[in-house]
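Report on one structure; see the data block that follows.
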Protein chains: 2
Amino acid sequence: MKSEGFHHGNLRAALIEAARAVMEETSSSDLSLRDLARRVGVSPMAAYRHFADKEALLRAVADGGFGELVLGMEAALAADATPLARVLDMGRAYVAFARAHPAMFDLMFAAPVAGLEASPDNGTKAFGLLQGAVAACSPAGTPQGKVAAATIRLWSVVHGYSRLALAGRLVASSMTPAFLDEVIVPVIETLERP
Amino acid sequence: MKSEGFHHGNLRAALIEAARAVMEETSSSDLSLRDLARRVGVSPMAAYRHFADKEALLRAVADGGFGELVLGMEAALAADATPLARVLDMGRAYVAFARAHPAMFDLMFAAPVAGLEASPDNGTKAFGLLQGAVAACSPAGTPQGKVAAATIRLWSVVHGYSRLALAGRLVASSMTPAFLDEVIVPVIETLERP
DNA sequence: GAGGTAAGTATGCGGTGTAAACATGAAATC
DNA sequence: GATTTCATGTTTACACCGCATACTTACCTC
């Protein structure tokens, strides 16, 4: 075992966990550094030994969220036999994650992230998963551009649906699993078309 | 002409306009009541004579944004001959608005809006426009549920695409008008399918 | 043991949203 | 025309926030 820290013992992880907890409690993504410090039992300025500023902390929290999302998507990948079923279940998992963790989902896509291709995060990993699953649906020899458009088409649908649901723009009857399938499936069918 | 106010002269509208201006300047949707008051030349507490709290002001600003969005969508509606072309142009207008006014777009879908069907806003008006255009594409006798799903499918695509673009999750080559069409058109084609 | 250094603390500054009490001036009543 | 009313704007105050700066602590190395 490493030293695990002196005063507190891995404050960094504790802060991230506290942030996650607050967001689950309040269903809101705006949290306060001071509050996190209070919960962890540390002085208000302690967080700055581990994060450059508040945004850096939020970024770390968001990246953890993307990691969890990736897990859900990978589970969907492993659970199905056909490429189309895999893509469908990945879409369902995406929406399910958003609705289960609205504040986290909000945070993950909150600030425009810069220099992303320089240092890819778990968000790009999630995108890669989706892209692979979509490519597996496309007929052999499909041009790369088509696959890219299809990937973003599908991502846009599930992402947009999630956002609209979280924003309260969908009525209850539009948020059932069956309705979601009605929204997604025709888009998935466009994937294997010439 | 009505009285136009005593002390200031329609402070309410001035605050909303100031908010809009700040958001255009900073490309960010987090603004400060005190800053708005400062810009309008009024004391920090003056805004509370016209808005219950900050959120109420933001809601009013957002509703103005939806109004502008509706104008863009109506223009697209009027500019084309066929139902499919109308829907396509509405989608383009939606994305164009989001990219032209990122902060406003952010604000419009920021907080989950409650009791929406009780008092519809310009957001529901925008949705109604889209729904009508989609219905016009559907074969006669298409069940209502299909139309609803198709509407939300299309809305989800354009909304999700806009969000991903604003979040910096799309590479430059995925943000050209041609690429956007590649994303949207196949979804529009699902509208007139049985 | 003496230093060095990473981790946490104390203090303080300028900013925020908003509650409460007060001031002002246009308009309505007499 | 004087008086009352009431919407509008101001003042003051409070609790909170992110963060800069300077300090202290506790471990590790030599």
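Just so it is clear, the values below take in all heavy atoms, side chains as well, and ignore hydrogens, waters and symmetry mates. Per chain, numbering begins at 1; letters A, B, ... match sequence-line order.
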So do the side chains of A:Q131 and A:V134 get within less than 4.5 Å of each other, counting heavy atoms only?
no

N/O-N/O pairs, protein side and nucleotides 18-20 of chain C side, under 3.5 Å:
residue: C:dT18; atom: OP2; partner: B:Y48; partner atom: OH; Å: 2.6
residue: C:dT18; atom: OP2; partner: B:K54; partner atom: N; Å: 2.9
residue: C:dT18; atom: O5'; partner: B:Y48; partner atom: OH; Å: 3.0
residue: C:dT18; atom: O4; partner: B:R34; partner atom: NH1; Å: 3.0

Taking CG from B:L36 and P from C:dG15, how many angstroms apart are they, rounded to a whole number?
16 Å

Reckon B:S32 touches a base, only the sugar-phosphate, or nothing at all at heavy-atom distances under 4.0 Å?
sugar-phosphate

If two hydrophobic side chains count as joined below 4.5 Å and joins carry through other members, does A:Y94 share a cluster with A:L129?
yes

Tell me: CG of B:L57 to C1' of C:dT16, nearest whole Å?
15 Å

May I have the distance from A:D30 (atom CG) to C:dT16 (atom P), rounded to whole angstrom?
16 Å

Can you tell me which residue pairs pass the salt bridge (charged side-chain N to carboxylate O under 4.0 Å, His left out) test with a partner in residues 62-88 of chain B, sequence neighbours excluded?
B:R20-B:E68

Within a 6.0 Å radius of atom NZ on A:K54, are there more than 12 heavy atoms belonging to other residues, nucleotides or ligands?
yes

Under 4.0 Å between a side-chain N or O of B:R12 and OP1 or OP2 of D:dG9?
no

Do any side-chain atoms of residues 174-186 of chain A form donor-acceptor pairs under 3.5 angstrom with protein atoms, and if so which ones, sequence neighbours left out?
residue: A:T176; atom: OG1; partner: A:F179; partner atom: N; Å: 3.1
residue: A:D181; atom: OD1; partner: A:R92; partner atom: NE; Å: 3.1
residue: A:D181; atom: OD2; partner: A:R92; partner atom: NH2; Å: 2.6

With respect to the phosphate group of D:dG9, does any side-chain polar atom (N or O) of B:H50 fall under 4.0 Å of OP1 or OP2?
yes

Classify the nucleic acid contact of B:L31 as base, sugar-phosphate or nothing, counting any heavy atom under 4.0 Å across all strands shown.
sugar-phosphate

Apply side-chain contact (heavy atoms from CB on, under 4.5 Å) to A:M23 and A:F105, showing your working.
CA-CA 10 Å; A:M23 290 169 64; A:F105 190 77; over 6 Å; no

Proximity to the side chain of A:L11 - top-ranked nucleotide from D:dG9, C:dG8, D:dC17
C:dG8

OP1 or OP2 of C:dT16 versus the side-chain N and O atoms of B:R38: is any pair under 4.0 Å?
yes

